[in-house]
Amino acid sequence: MELLEIESNIHNSARQGEAYAPIGSEFFGFKKYFYIESYGCAMNFSDTEIVASILNANGYGATKNLEEADLIFVNTCSIREKAEATVRKRLTEFRKLKEANKEVLVGVLGCMAERLKTKLLEEEKLVDIVIGPDSYRSLPALIEMAESGQKAVNVLLSREETYADISPVRLDSNGVSAFVSIMRGCNNMCSFCVVPFTRGRERSRDTFSIIAEATNLFSKGYKEITLLGQNVDSYYWYDDAKAYAVTFADLLEKVALINPELRIRFSTSHPKDITDDVLLVMRKYENVCKHIHLPLQSGSTRVLQLMNRTYTREWYLAKVDRIRELLPECTITADIITGFCTETEEDHQDTLSAMEHSGYEMSYMYFYSERPGTLAAKRFEDDVPLDVKKRRLQEIVDMQGKLSTQGNLNDIGKTFKVLLEGNSKKSEFDWTGRTEQNKSVVFPKNETPFKKGDYVWVKIKDCTRATLLGEIVV
Ligand code: SAH
Ligand code: SF4
Ligand code: F3S
């Protein structure tokens, strides 16, 4: 049986005392094995690592082999209809496995569990366990309930839970980059978005536990951490003992100071909340990567208002200009939704021109998918026909293609400090890594003595639309 990261978990528990020592952890003693798949955003992926840690601590070992699993979990996403459809298809496949082996238990975790509550469990009888994102500590108890044939559901949302004390088991890790969750939930009410309903109120994690986790990762050889939250710029934690508040800019500085060799990234920034203080910390510390993910959603003020994004086109573009002024080397990426309720051709043109002004290196682009229960679903008609949504999306994708190519061509001739991540996908004779700006670079090894996790200076010679191609400069 192939076990995931058990060794590192034992290592963790040795550092942290008995709290997370897997019961009977000496490689032979797991009582059962679980298989887990993650869908959706980085936060969900990070949650999966927390779930793995809770399960390990309770005597369950992780396996990559589905056939050998006693427990199958899917950490799910509800952000668009398509995301839910993908998970449903997967659950149907798992049900077939269950028919072959009645002992296997299937559990739905995360945002879809929250949204569909008992529907999956009782009406469709697709799964045995349903557990929302704030209830993972109760998973071992729910497994026992399901084993004894009871309904196992916990979808309570919390105002406090941050899993601050849990040291995540790093799953599928390259040993170089890791996610560190700094907050949960979201207090914004973007009218299209299901997240405030599936993840609950925003709450920030204790600063000390974040610093401790990041320091621990660095001591284990990790070289890059990404601070995660739906809206990192509204991070706010009050230190009662010292009676002072920690803002996101303060936190970023504290993490940057752990070690200059540790690269820091963060995601996601809301254009209304990212402050000059954050930009100035980015400028001050070389190890805070010069890349900002700044979702636009729409370039039309009228549509932004309907989306309840609380900024205008002009505010957004001024933010981009400020970033360019303070951080000339910084790349900006975005999320864009096309075909939101009432969107006209003129609004669509506004989105294209905002993209051009902002010069995104990359974007995640979607057409609007109505989500039940959201403000938009209640208030507005989803009135842009699908073929129009698809055509506009294609125009947005084409615009992004043009911008990405331009961005990459601009890099030719420049030299970047690249964090080496491993062999390139296409050839074992090439390395792959990323620049501070979050761009992938592929370059020949040429028998140089480098290894994964090293920083290497690379001069860019050529590019494709998605990748820079370079050579090591010594
Ligand atoms: N917290 C982040 C985004 C989280 S969701 C932010 O504020 O930007 C990731 C992206 O999914 C969003 O930025 C948005 O572009 C997209 N998205 C969210 N709801 C959607 C919907 N109903 N239809 C299409 N795309 C959606
Ligand atoms: Fe959703 Fe808006 Fe919150 Fe992002 S900021 S998670 S888009 S509600
Ligand atoms: Fe999806 Fe939930 Fe993340 S809806 S995008 S998994 S917060």
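Indexing begins at 1, ligand by ligand and atom by atom, following the structure's order. Everything numeric here is computed off the predicted structure, so don't read it as measured data.
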List, pair by pair, the atoms of ligand 1 and of the protein that are both N or O and lie under 3.5 Å apart, giving the separation rounded to 0.1 Å.
from	atom 1	to	atom 2	distance (Å)
ligand 1	1 (N)	Gln230	O	2.9
ligand 1	1 (N)	Gln230	OE1	2.8
ligand 1	7 (O)	Arg309	NH1	3.3
ligand 1	8 (O)	Gln297	NE2	3.4
ligand 1	11 (O)	Arg80	NH1	3.1
ligand 1	13 (O)	Gln297	NE2	2.7
ligand 1	13 (O)	Asp335	OD2	2.6
ligand 1	15 (O)	Gln297	OE1	2.7
ligand 1	17 (N)	Arg80	NH1	3.4
ligand 1	22 (N)	Phe192	O	3.0
ligand 1	22 (N)	Ser369	O	2.7
ligand 1	23 (N)	Ser369	N	3.0
ligand 1	25 (N)	Arg80	NH1	3.3

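- Checking Ser234 against His270 by side-chain atom types alone, no donor-acceptor pair falls below 3.5 Å.
- Atom CD of Gln150 has more than 12 heavy atoms from other residues, nucleotides or ligands within 6.0 Å.
- Heavy atoms only, all atoms of each residue included: Glu395 and Leu352 are closest at O-CD2, 3.7 Å.
- Closer than 4.0 angstrom to ligand 2 sit non-hydrogen atoms from Cys186, Asn188, Cys190, Phe192, Cys193, Val195, Pro196, Gln230, His270, Arg309.
- A salt bridge is defined here as a Lys NZ or Arg NE, NH1 or NH2 lying under 4.0 Å from an Asp or Glu carboxylate O, and Glu436 with Lys290 meets this definition.
- Listed as neighbours of ligand 3 are Cys41, Asn44, Thr76, Cys77, Ser78, Ile79, Cys111, Val195, Arg199, Gln230, each bearing a heavy atom under 4.0 Å from the ligand.
- No cation-pi contact links Arg115 to Phe197, judged by a cut-off of 6.0 Å to the six-membered ring centre and 45° from its axis.
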Stepwise ring-ring contact (aromatic ring centres under 6.0 Å, His included) check, Phe248 with Phe266: CA-CA 10 Å; Phe248 183 60; Phe266 55 89; 5.2 Å; yes
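- Looking at residues two or more places apart in sequence or on another chain, you find no ring pair (Phe, Tyr, Trp, His ring centres under 6.0 Å) involving Tyr235.
- Under 4.0 Å is where a charged nitrogen must lie from a carboxylate oxygen, and between Arg203 and Glu160 no such pair does.
- Under the 4.0 Å criterion applied to side-chain N and carboxylate O atoms, Asp134 and Arg199 are not assigned as salt-bridge partners.
- Classification of the Phe30-Tyr33 ring pair by plane angle, with boundaries at 30° and 60°, yields perpendicular.
- Ring orientation note: the planes of Tyr163 and Tyr136 are close to parallel, at an angle under 30° on the 30°/60° scale.
- Within a 6.0 Å sphere centred on CD of Glu314, other residues, nucleotides and ligands contribute more than 12 heavy atoms.
- The aromatic rings of Phe73 and Phe34 lie tilted to each other, with the angle between the two planes from 30° to 60°.
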